[in-house]
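Both ligands and their constituent atoms are indexed starting at 1 by order of listing.
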Amino acid sequence: MSDINRAARLKARPSGMLTRENFDIADEALAEPGDGQFRVRISHISLDPAMRGWVNDAKSYVPPVGLGEVMRAIAVGTVEASRHPKFRDGDTVTGLFGVQRFAISDGAGVIKVDTSKAPPERWIGGLGMPGMTAYFGLHEVAVPNPGETVVVSAASGAVGSIVGQIAKIMGCRAVGIAGGPEKCAYVTDELGFDACVDYKGGSLRDDLVAACPDGIDVLFENVGGEIHDTCLSLMNFRGRVAICGLISAYNSKTPVPGPFNYRSILVNRLNVRGFIVFDFISQYPQAAKHLGEWHAAGKLNIREDVRDGGVDAFPDVLNLLYTSGNFGKLVLKV
Ligand SMILES: NC(=O)c1ccc[n+]([C@@H]2O[C@H](COP(=O)([O-])OP(=O)(O)OC[C@H]3O[C@@H](n4cnc5c(N)ncnc54)[C@H](OP(=O)(O)O)[C@@H]3O)[C@@H](O)[C@H]2O)c1
């Protein structure tokens with residue numbers, strides 16, 4: 001790899017799906033770290049559905065990426081040229097390093113990871129932010145009891161796959177919703193969910209009723225739209241709904257209608273709560289410990305979908321998330 005940076009900077013805000021034209025992707029001089037800083041040679045960039053929202057000029061839980069700024073992204077890489085007392089050359093680290101080959105960091109929000117326990121890309125996937133999202137969404141937001149039915153949408157993906165496996169560890173009935181027979185077979189046969197409903201099969205409601213004979217106690221929502229509405233209609237009394245993501249609406253150019261089955265919240269006295277994984281940042285060590293132990297014990301089946309093409313491929317590869325083109329945690333190799 002040549003020692004020159006290459007970065008994707010936001011050039012224009014998109015309408016609908018991101019395109020290559022929304023970014024300036026170009027070579028840049030390699031920056032040298034100052035006192036208290038280090039450089040990261042990025043190996044893998046995490047592609048997350050939220051990235052589409054980060055480029056909207058709208059109020060959100062983080063400020064929008066500014067025009068001319070390097071696209072925000074979680075990434076993993078190796079420390080070099082360190083002038084920081086706590087990070088040494090050769091350390092493998094994760095952090096918000098951006099869509100580029102090299103990043104300069106002062107260590108804020110940076111976590112050292114152990115590549116003897118899992119490959120680098122897993123630390124930005126099942127053992128990183130998406131795994132933590134699943135963990136906190138269940139343990140802190142939805143809080144299912146043993147024996148309850150937990151339904152999760154986008155079940156074969158980075159977050160959903162871990163949600164169902166943790167639900168099983170918690171003694172629940174885990175039911176996934178995914179697109180197509182191949183992903184559904186993976187969810188049941190390899191991840192160990194009790195059932196998986198193919199939302200593209202044409203009989204979503206009937207198939208959900210069959211998969212959830214006792215109704216739904218906990219809905220872990222990753223998608224929104226028709227899937228969310230259908231699940232709402234099957235919720236049990238005092239059910240809990242964790243709103244983790246609404247990916248079906250992220251590229252919408254027009255306002256998205258609210259759920260038609262809103263009434264279910266009233267009559268079933270549902271507890272509906274949105275959350276962002278960063279809400280639980282002070283508890284990350286606890287989640288990391290549990291995820292690490294389950295992984296080491298072979299209780300977590302984690303799949304990455306690693307794509308080549310480097311920084312230049314960023315917009316096209318990111319869009320796979322919104323077109324069901326990924327199968328597992330989507331990662332861009334740098
Ligand atoms: N709240 C938080 O802090 C937090 C943190 C991380 C992620 N999230 C959210 O969690 C959700 C999943 O993220 P992820 O990283 O795990 O992605 P992922 O599930 O690995 O990939 C996205 C998947 O979403 C499904 N999908 C996309 N468009 C859809 C549509 N219109 N209808 C139904 N399904 C659709 C596709 O699966 P199929 O092939 O099954 O259609 C696609 O593979 C996203 O909504 C994301 O924003 C939230």
Please confirm whether P130 approaches ligand 1 to less than 4.0 Å, judged on its heavy atoms.
no
heavy-atom search around atom 31 (N) of ligand 1 in the protein gives S248 CB, 3.4 Å
Please determine whether a side-chain nitrogen of the Lys or Arg among R9 and E28 lies less than 4.0 Å from a carboxylate oxygen of the Asp or Glu.
yes
Note to self: Regarding D305 and N326, do their side chains bring together a donor and an acceptor under 3.5 Å, going by distance alone?
What the structure shows: no
of all protein heavy atoms, closest to atom 39 (O) of ligand 1 is K183 NZ, 2.5 Å
Note: L246, heavy atoms under 4.0 Å from ligand 1, region reported as backbone
Ring-ring centroid check F23 F314, cutoff 6.0 Å: yes
Between R6 and D312, does any NZ, NE, NH1 or NH2 come within less than 4.0 Å of an OD or OE carboxylate oxygen? yes
Checklist entry - Heavy-atom contact under 4.0 Å between F278 and ligand 1? => result no
Atom 26 (N) of ligand 1 sits nearest the protein heavy atom I247 CG2, 3.8 Å
Q. Is there a donor-acceptor pair closer than 3.5 Å between any side-chain N or O of R238 and the backbone N or O of R269?
A. no
Measuring from non-hydrogen atoms of M129 to any atom of ligand 1, is the shortest distance under 4.0 Å?
yes
min-distance protein heavy atom vs atom 13 (O) of ligand 1 -> P49 CG, 3.4 Å
Charged N to carboxylate O under 4.0 angstrom, E304 versus R122?
yes
*Kindly confirm or rule out an N or O of A158 lying under 3.5 angstrom from an N or O of ligand 1.*
yes
Looking only at protein heavy atoms, what sits closest to atom 43 (O) of ligand 1 is N326 OD1, 2.6 Å
* Are the side chain of N5 and the backbone N or O of L30 linked by a donor-acceptor pair below 3.5 Å? -> no
In this structure, atom 23 (C) of ligand 1 is nearest to the protein heavy atom L321 O, 3.9 Å
- Honestly curious: do V110 and I104 fall in one hydrophobic cluster under the side-chain, below-4.5 Å linking rule? no
Atom 45 (O) of ligand 1: of I74, N222, V152, the nearest heavy atom sits on N222
